[in-house]
There are 2 protein chains.
Amino acid sequence: MTPKEQSRNAFKPLYQKIEQAITNKIIAGEWGPGDMLPSEFQLADLLSVSQGTVRKALEALTQSNVVYRRQGVGTFVSENTLKDMLFHFFHYKANDGVDKGLPSAELIDIELIDASPEIASELELTRGDGVIKIIRIRKLADKPCIAEQIYLPQHFFTQLDINDSLPNSLYHYYQESFNITINKAADKIRAVIANESDQALIKVRPGNPLLEVTRRARALDGRLVEYRISRVDSEQLHYLVDLN
Amino acid sequence: MTPKEQSRNAFKPLYQKIEQAITNKIIAGEWGPGDMLPSEFQLADLLSVSQGTVRKALEALTQSNVVYRRQGVGTFVSENTLKDMLFHFFHYKANDGVDKGLPSAELIDIELIDASPEIASELELTRGDGVIKIIRIRKLADKPCIAEQIYLPQHFFTQLDINDSLPNSLYHYYQESFNITINKAADKIRAVIANESDQALIKVRPGNPLLEVTRRARALDGRLVEYRISRVDSEQLHYLVDLN
DNA sequence: CAGTGGTCTAGACCACGCT
DNA sequence: GCGTGGTCTAGACCACTGT
């Protein structure tokens, strides 16, 4: 590679470096979830660039949901609030069209296990690494509709007590208790047939069709933090995707 | 509503008006799919605003996939090309992880029908309006994997000849032959059990689980142009969603 | 090398929310 | 009224592409 090609490839706009610098400060905890960032001009002074460049970085961070901005108020580090989670990470809607919000969660089981080959692969761990396995169900108006298996690398959640109860919104809990902010995820959606386990958990008849949604979720810093399998009663809920 | 409140609510940034103005020119056909738009400075002169404002409008139009920009070359009206369609409107992936591209389509039936209550409702038509119904299947390496029912308001496709053959990518065809550019869509995903029709079309055993994806697609100008039901062999394909 | 989009800066002014 | 983000402008310069 010639020097010219190097400099071509090495070019990175200033606003992207600023974006990374701000992200790093958030990851480092300099500004926590919900905290207000310095104003555009203060950040510009702090980082020795113009206000316009800071603005472009903050627009990008708003886009990727790292911060949010309110005119007349300020720029804040995003939180995994319930409202935000519904919008970004919960795309199930009732088939009848009535919005019932986030179904309530009920813990069935939680235990520390050794990663099976499948789980290790999905979480990019080594077989046998410690993994926290959570089984719970979600109910809509007392009727079970989703069975969730959730796998967490034990490494990131060393403080988690197996005997504690869990809140309805885990992502908020990860953030509050473990300083892990879920920021990106990928869902794979398949159709499956309900088995005996599904029957026991969410009272669907074996043979009924279910959506199986497997999710790999990443934290702000890009670390793979959660693997989740949701089995969803298709007679109650569907998965909605907006494309453009 | 007081005058003050009126003026508050009436405020609309200049760049949004510019965005709309450019969109309107594209809808009107002043610039067609693939055409190069005037440069930022030319547009600024044309619309009597600064280059920076034009830039902001074009950035928004890039975001919503109305235009695309290539540094050093120009700004172009987006086309429903195969590559673009795969990226924006085809989110099925092979379960084995191997990317096989867009499965080839095979026409089974095409006819002009009167809208049933369900179809009329989904396409926001009146019961009995003329609707073109297309049935086709998609194959991956000669193996059927998706059965598609497609419903088009006859009104938008008056030139369509029932006896013509159809290309693999309908969206490109809508654009080329009917000046209809698909720009937005919403997919509803459910799990269903294969029936006799599915068995006949895509050779799955009755009782097997399928994904049923119903899509309502809109043109650039916001008109509802297509209602599509895809029944997908879940043993071959899954639906992938990226969240952030 | 000419022409295009992309970056960066500086400054003025507007809209908004809070107090 | 003050401080914040949002809009709009003007201008300089950089990076990329095609001829």
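Since we're looking at a predicted model, the values are computed, not measured. Reminder, nothing fancy here: chain letters follow the sequence lines and each chain counts from 1.
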### Query
When you check the phosphate oxygens OP1 and OP2 of C/dT7, does a side-chain N or O of A/Thr53 lie under 4.0 Å from one of them?
no
### Task
Report the relative orientation of the aromatic rings in B/Tyr68 and B/Phe76; use parallel for angles under 30°, tilted for 30 to 60°, perpendicular for over 60°.
parallel
### Query
In terms of side-chain geometry, is the basic nitrogen of A/Glu148 or A/Arg215 positioned less than 4.0 Å from the acidic oxygen of its partner?
no
### Task
Starting from P on D/dG6, measure out to OH on A/Tyr68 and report it in whole angstrom.
13 Å
### Query
Is there side-chain contact between A/Val232 and A/Tyr239, with at least one heavy-atom pair below 4.5 Å?
no
Could you list, one pair per line, each protein nitrogen or oxygen that sits under 3.5 Å from a nitrogen or oxygen of nucleotides 3-5 of chain D, together with the distance?
from	atom 1	to	atom 2	distance (Å)
D/dG3	N2	A/Gly72	O	2.7
D/dT4	O2	A/Gly72	N	3.1
D/dG5	OP1	A/Thr75	OG1	3.0
D/dG5	OP2	A/Glu40	N	3.2
D/dG5	N2	A/Gln71	OE1	3.1

### Task
For C/dC8, take OP1 and OP2 only and decide whether either is under 4.0 Å from a side-chain N or O of A/Lys56.
no
### Query
Charged N to carboxylate O below 4.0 Å: is that the case for A/Lys12 and A/Glu19?
no
#### Entry: Gap between atoms CZ and C1', on B/Phe11 and C/dC16 respectively (whole Å)
11 Å
### Query
Nearest nucleotide by nearest heavy atom, which residue falls closer to the 5' end of DNA chain C, A/Gln51 or A/Pro13?
A/Pro13
#### Entry: Between D/dA15 (C1') and A/Leu14 (CG): distance, integer Å
15 Å
Using residues 27-36 of chain B as the side-chain source, report each donor-acceptor pair under 3.5 Å to any protein atom, sequence neighbours left out, with the distance given to one decimal.
from	atom 1	to	atom 2	distance (Å)
B/Asp35	OD2	B/Gly32	N	2.8

### Message
Expressed as a whole number of angstroms, how long is the span from B/Lys12:NZ to C/dC16:P?
### Response
15 Å
### Message
Can you tell me how the ring of B/Tyr174 sits relative to the ring of B/Tyr171, calling it parallel under 30°, perpendicular over 60° and tilted otherwise?
### Response
tilted
### Task
Please report, rounded to the nearest Å, how far the P atom of D/dC8 is from the NZ atom of B/Lys17.
8 Å
#### Entry: Rounded interatomic separation in angstrom, taking OH from A/Tyr15 and C1' from C/dT9
16 Å
### Task
Mind calculating the distance between CG (A/Leu47) and C1' (C/dT9) to the nearest angstrom?
16 Å
